[in-house]
Peer 1: 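Below is one structure. I have some questions about it.
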There are 2 protein chains.
Amino acid sequence: MSRETTSPALQAAEKLCDERGERLTPIRRRVLELVHEADGPVKAYDLLETLKPGPGSAKPPTVYRALEFLLGLGLVHKVEALNAYVGCSHSHSCGGAELFICSDCGSVQECHGAPVSTQTPDGFIIERSVVEHFGHCGNCRT
Amino acid sequence: MSRETTSPALQAAEKLCDERGERLTPIRRRVLELVHEADGPVKAYDLLETLKPGPGSAKPPTVYRALEFLLGLGLVHKVEALNAYVGCSHSHSCGGAELFICSDCGSVQECHGAPVSTQTPDGFIIERSVVEHFGHCGNCRT
DNA sequence: TTCTCGGGTGTAATATTATAACGTCGCAGT
DNA sequence: ACTGCGACGTTATAATATTACACCCGAGAA
């Protein structure tokens, strides 16, 4: 799921930053790589551990800033129910995604397209939706 | 939204506990009341503050245990994206709800009924869904 | 009655997740 | 050079949540 020396995700990120006039700095790139290389959702403090082979560098704000940046670009999604982060599997910037998280193997699949509501209350205007499904993926059902 | 001396929510909770052979202890009842009395999602540590007029009592586990119990019975929902809790506005025990949270006034409306997915990945079996919409409610749109 | 067992709670400590505040550095534009 | 700004470093702390263990009390068995 992730072994190229320069992954498609990275290339897409470069492109997107270019378009938006944003800078994909080494730290941001590294965090993006780590999130994508992981098998499932990654915790911020796990990233932190991985980022600091040498002592001194990589404190929490470092990783949270990078994640915030990547979230803003839609390159990474936060799994709210897990306080964890997953790489966006689409090569474009996307708004909110619908996530399917396997409780057995931890894999995450993403869908797009309005999954929305059967019934929205009266005048409610939705700005942002969090949609996370937990269950068992096809592979993990014996 | 909550001013009876014995609210419908409380009565429903009594009934439900009865049916299930669970005990609605004073702490649990108090937490349920507080969650329902609040205008919007409540943080665990705010409950904690409210619960301890006198020093000494009410440590985090107290409130988390009560919340866990109430969540289990479906009397309270957790808003994952806020790390906060809301009272279930239905008088029955319900599975997951679809929540509409107004970013202006903080009010929460609940809908039930499969809001689910336009497209579920291949063999994925959903066990639990988190669906939270953030935006602006009818009242808050001038 | 006494025993014991389990659920609920009290308590202390600690783990985990996240942010605030402030300083520094380097670079783009003047 | 000077200035301003964005990214990052660093320290501290806030906010959220859990672990572990002790105690109490009430239900049912002995």
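Residue numbers begin at 1 in each chain, while the letters A, B, ... track the order of the sequences. These figures come from a predicted structure and were not determined experimentally.
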Peer 1: Which whole-number value in Å describes the distance from A/Leu70 CG to D/dA7 C1'?
Peer 2: 14 Å

Peer 1: Give the rounded distance in Å between these two atoms: CD1 of B/Ile27 and C1' of C/dT11.
Peer 2: 13 Å

Peer 1: Kindly work out whether a path of hydrophobic side-chain contacts (I/L/V/M/F/W/Y, heavy atoms less than 4.5 Å apart) joins B/Leu71 to B/Tyr64.
Peer 2: yes

Peer 1: Output yes when a side-chain donor or acceptor of B/Arg28 lies under 3.5 Å from a complementary backbone atom of B/Arg23, and no otherwise.
Peer 2: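 Yes, because the side chain of B/Arg28 sits within donor-acceptor range (under 3.5 Å) of the backbone of B/Arg23.
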
Peer 1: What is the distance, to the nearest angstrom, from the CZ atom on B/Arg20 to the C1' atom on C/dG7?
Peer 2: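 These atoms are roughly 18 Å apart.
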
Peer 1: I need the CD-P distance between A/Glu80 and C/dT17, as an integer number of Å.
Peer 2: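 Taking CD of A/Glu80 and P of C/dT17, I get 13 Å after rounding.
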
Peer 1: Send over the distance from A/Glu22 CD to D/dA7 P, rounded to a whole Å.
Peer 2: 7 Å

Peer 1: Would one find a side-chain N or O of B/Thr62 under 4.0 angstrom from OP1 or OP2 of C/dG10?
Peer 2: yes

Peer 1: Give the rounded distance in Å between these two atoms: CZ of B/Arg30 and P of C/dG10.
Peer 2: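 Distance, rounded to whole Å: 14 Å.
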
Peer 1: If two hydrophobic side chains count as joined below 4.5 Å and joins carry through other members, does B/Tyr85 share a cluster with B/Tyr45?
Peer 2: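 Shared cluster, yes.
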
Peer 1: Would you say B/His36's side chain and B/Val86's backbone share a donor-acceptor pair under 3.5 angstrom?
Peer 2: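 Answer holds: no.
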
Peer 1: Do any N or O atoms of the protein come closer than 3.5 Å to N or O atoms of nucleotides 22-25 of chain D, and which pairs are they?
Peer 2:
none

Peer 1: With sequence neighbours left out, write down each residue that passes salt bridge (Lys or Arg N to Asp or Glu O under 4.0 Å) with B/Glu14, or none if nothing qualifies.
Peer 2: B/Arg29

Peer 1: Going by atom type alone, with no hydrogens or angles, which donor-acceptor pairs under 3.5 Å involve a side-chain atom of residues 76-84 of chain A and a protein atom two or more places apart or on another chain?
Peer 2:
unit_1, atom_1, unit_2, atom_2, d
A/His77, NE2, A/Glu110, OE2, 3.0
A/Glu80, OE2, A/Arg128, NH2, 2.9

Peer 1: How many whole angstroms separate atom CG of A/Leu47 from atom P of C/dT17?
Peer 2: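 For the pair A/Leu47 CG and C/dT17 P, the rounded distance is 11 Å.
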
Peer 1: Which residues satisfy the salt bridge (Lys or Arg N to Asp or Glu O under 4.0 Å) test with A/Lys15, sequence neighbours excluded?
Peer 2: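 With neighbours one apart ignored, the set is A/Glu19.
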
Peer 1: Compare the minimum distances between each of C/dG8, D/dT11, C/dA12 and the side chain of B/Arg28, then state the nucleotide with the smallest one.
Peer 2: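 Nearest listed nucleotide: C/dG8.
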
Peer 1: Go along nucleotides 12-21 of chain D 5' to 3' and tag each nucleotide: B for a protein heavy atom under 4.0 Å from its base, S when only backbone or sugar atoms are that close, - otherwise.
Peer 2: ----BBBB--

Peer 1: Looking at residues at least two apart in the chain, or sitting in another chain, which of them share a salt bridge (Lys or Arg N to Asp or Glu O under 4.0 Å) with A/Arg30?
Peer 2: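 Applying salt bridge (Lys or Arg N to Asp or Glu O under 4.0 Å) to A/Arg30 gives A/Glu33.
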
Peer 1: Between B/His133 and B/Cys102, is there a donor-acceptor pair closer than 3.5 Å when you use the side chain of the first and the backbone of the second?
Peer 2: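 No, B/His133 side chain to B/Cys102 backbone: no donor-acceptor pair under 3.5 Å.
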
Peer 1: Whole Å only: how far is the CG atom of A/Leu71 from the C1' atom of C/dA18?
Peer 2: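 Rounded to the whole Å, the gap is 13 Å.
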
